[in-house]
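One-based numbering along the sequence shown.
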Amino acid sequence: MVADDLDVLFSSPARLLEAGAARARARAGSAGGVGREVFAQAEAIFGQVDVERAEFASLLHFAATVLGREAYAEQIAAAEPGMPWRTVWAWWRPVGAHRSAPNLTGDRTVEIHDGVGETGAGPLLKIWSIWTADRWCDLNTGVPCAEPEPGTYAEREDEAEEEGPLLFDAEPESWALRCPGTWEEPVALGGGRFLISEERGVLVAERNPSLASDAWPAGGADASAWAEEFGEPWFLDPAPAEAPLDAARLDAVFGADGVVRLTPAGLPQSLTHAPSRDLLSQVGLPRWWAAGVTSFSPDYDTEGPLEESTEFAGLLRLGTFDLGYEEGQVLLRPETGEVLMSRDGGAPFPLARDVETFVRLMEAVRRHMGACWSPYPGEDGVGDFHREVEALEPAALAPESPTEALWGHVFASITELSVWGY
């Protein structure tokens with residue numbers, strides 16, 4: 001019998017599997033640690049389904065892998081060796097996590113490349129999308145790698161032959177497995193492994209090699225529960241709006257080469273607001289930020305300097321907003337760190353209370369793109385985004401203000417427009 005204590009239930013994958021989804025769902029509360037996080041994510045991705053212990057383990061294993069809880073995933077696999085499939089690796093956006101990557105919304109390609117000749121190198125995967133620069137990784141492990149030298153790899157033309165039952169295939173002779181409705185047309189890799197790609201990420205799944213072909217019921221992929229009842233995701237880590245904004249976080253969103261940080265020599269003495277000095281030199285600004293038809297770029301490079309505005313005395317030129325139909329100057333008040341905006345040379349109006357808030361708002365747009373453009377059935381990406389903005393800078397949503405008019409134009413790129421900008 002599973003103990004009533006929630007921490008006991010969720011701390012041990014064996015106890016969670018023994019309890020089953022229905023009992024865990026009924027008793028999930030304010031405790032549970034990693035196990036609760038994994039269970040909640042599984043129910044947010046696959047829906048609130050009641051399946052046999054072995055398949056329950058497969059769903060939990062995927063959720064743990066997606067969340068980066070590798071140790072818990074290993075414990076799940078050890079507790080249930082009979083699960084029908086396991087996640088080899090996944091580059092996937094968790095429900096409600098609002099991460100900038102992966103974001104494969106819109107046009108995308110996922111290609112398998114094999115070594116040419118006697119290179120002896122293993123297969124690679126090349127991933128590209130509108131918001132994903134070419135990403136190469138080891139097909140067997142998912143570990144990112146450098147783009148191979150020209151002529152050493154060629155795109156695979158044919159799928160591998162698969163003798164056993166297919167995973168997540170609609171044909172009735174395939175195994176009956178629960179899955180999201182977007183897990184369509186899995187690509188056979190051979191040896192019981194399958195590649196799945198969709199707007200939320202890329203997955204390599206493996207059929208349990210210890211199970212005979214007829215050891216699991218046939219019936220094909222079952223996505224019937226995917227658009228019905230869903231659990232709420234829950235996370236151990238603080239929400240992004242509550243977490244520190246540091247260099248590592250900005251690099252993760254925009255790339256190390258996509259952030260510009262001023263050297264001390266580039267900071268003018270007139271900038272007396274210490275938090276702004278620290279942010280511009282230690283955390284940085286996006287070198288180029290874009291969403292829809294709107295873009296922003298700083299008016300300086302790494303060496304600076306951060307110069308005074310020639311039009312507005314006492315203000316520093318932080319950067320330029322290109323709104324698609326006009327440009328505006330983004331300005332910084334050096335004594336307080338307040339960020340302002342001038343449109344068409346007009347009087348500056350408040351844009352954000354400080355530079356950190358300004359950067360956080362741009363970063364929030366980038367992080368919420370996937371959830372707004374390609375939400376899970378139970379995910380409110382637009383609502384989550386507005387709630388984070390409200391927490392960061394209420395003035396950005398204040399009606400009938402120049403601040404809201406500007407940010408509303410920027411935010412519409414993910415809340416109203418598609419990934420293609422219309």
Side-chain angles (χ1 to χ4, degrees), residues 45 66 90-113 124-137 139 142 144-148 155 180-187 195-204 240 249-260 285-297 320-325 359 361-377 379-382 384-385 388-389 407-422:
I45 292 176
V66 164
W91 186 50
W92 207 269
R93 181 180 68 80
V95 180
H98 306 133
R99 298 176 182 173
S100 60
N103 176 12
L104 305 184
T105 305
D107 298 333
R108 66 180 182 274
T109 57
V110 179
E111 303 169 349
I112 301 171
H113 289 248
L124 301 179
L125 197 66
K126 178 185 178 182
I127 305 167
W128 171 90
S129 77
I130 295 175
W131 285 96
T132 304
D134 286 353
R135 176 187 174 94
W136 290 84
C137 62
L139 178 62
C145 62
E147 180 178 356
E155 183 179 356
T182 49
W183 287 17
E184 301 173 335
E185 300 180 359
V187 177
L195 171 69
I196 297 164
S197 63
E198 50 123 305
E199 295 172 325
R200 298 162 191 84
V202 178
L203 155 73
V204 172
R249 173 169 163 177
L250 218 58
D251 287 352
V253 174
F254 297 104
D257 295 334
V259 179
V260 57
L285 291 181
R287 189 177 297 276
W288 184 78
W289 175 95
V293 298
T294 306
S295 64
F296 167 82
S297 57
T320 302
F321 252 133
D322 184 343
L323 303 177
Y325 55 87
V359 176
L361 288 170
M362 291 193 292
E363 188 238 17
V365 171
R366 178 64 65 86
R367 285 190 295 98
H368 283 80
M369 285 179 172
C372 289
W373 289 331
S374 304
Y376 290 85
E379 188 174 40
D380 181 14
V382 172
D384 289 346
F385 172 71
E388 181 165 331
V389 171
W407 283 120
H409 176 84
V410 173
F411 298 159
S413 61
I414 63 170
T415 61
E416 299 179 22
L417 304 180
S418 70
V419 64
W420 293 282
Y422 53 81

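- Of all heavy-atom pairs spanning Glu363 and Val253, the tightest one is OE2-CG2, 3.7 Å.
- Counting heavy atoms from C-beta outward, Phe385 and Val365 have side chains that approach closer than 4.5 Å.
- Applying the 6.0 Å contact sphere to CG of Asp134 captures more than 12 heavy atoms from other residues, nucleotides or ligands.
- Judged by distance alone, the side chain of Arg367 and the main-chain N or O of His98 form a donor-acceptor pair under 3.5 Å.
- Here the shortest heavy-atom pairing between Pro102 and Gly201 reads CG-CA, 4.0 Å.
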Kindly determine whether Leu125 and Leu195 satisfy side chain to side chain contact (heavy atoms under 4.5 Å, CB included), including the steps that lead there. CA-CA 10 Å; Leu125 197 66; Leu195 171 69; 3.9 Å; yes
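- For the pair Arg200/Glu379, no side-chain contact is recorded, criterion being any heavy-atom separation below 4.5 Å from C-beta on.
- Not a single donor-acceptor pair under 3.5 Å links the side chain of Trp373 to the backbone N or O of Leu104.
- Residues Ile130 and Trp420 are in side-chain contact: their nearest non-hydrogen atoms beyond the backbone lie under 4.5 Å apart.
- Put simply, the side chain of Glu198 does not reach to within 4.5 Å of the side chain of Ser374, judged on heavy atoms.
- Minimum heavy-atom separation, Thr105 to Gly370: OG1-CA, 4.5 Å.
- Minimum interatomic distance between Trp289 and Met362 (heavy atoms only, all atoms of both residues): NE1-O, 2.9 Å.
- Heavy atoms of other residues, nucleotides or ligands lying less than 6.0 angstrom from CD of Glu185 number 12 at most.
- In this structure a side-chain-to-backbone donor-acceptor pair under 3.5 Å is present from Arg287 to Asp257.
- Using the six-membered ring where Trp is involved, Trp92 and Trp183 have ring planes that are perpendicular, over 60° apart on the 30 and 60° scheme.
- In this structure, Ala291 and Met369 approach most closely via the heavy-atom pair CB-CE, 3.9 Å.
- Although no hydrogens or angles enter the test, the distance criterion places a donor-acceptor pair under 3.5 Å between the side chain of Ser129 and the main chain of Asn103.
- The closest donor-acceptor contact from the side chain of Arg108 to the backbone of Trp131 lies at 3.5 Å or more, if one exists at all.
- No close placement of the His409 and Phe321 rings is indicated, their centers lying 6.0 Å or farther apart.
- The minimum heavy-atom distance linking Pro375 with Cys372 is given by the pair CD-O, 3.7 Å.
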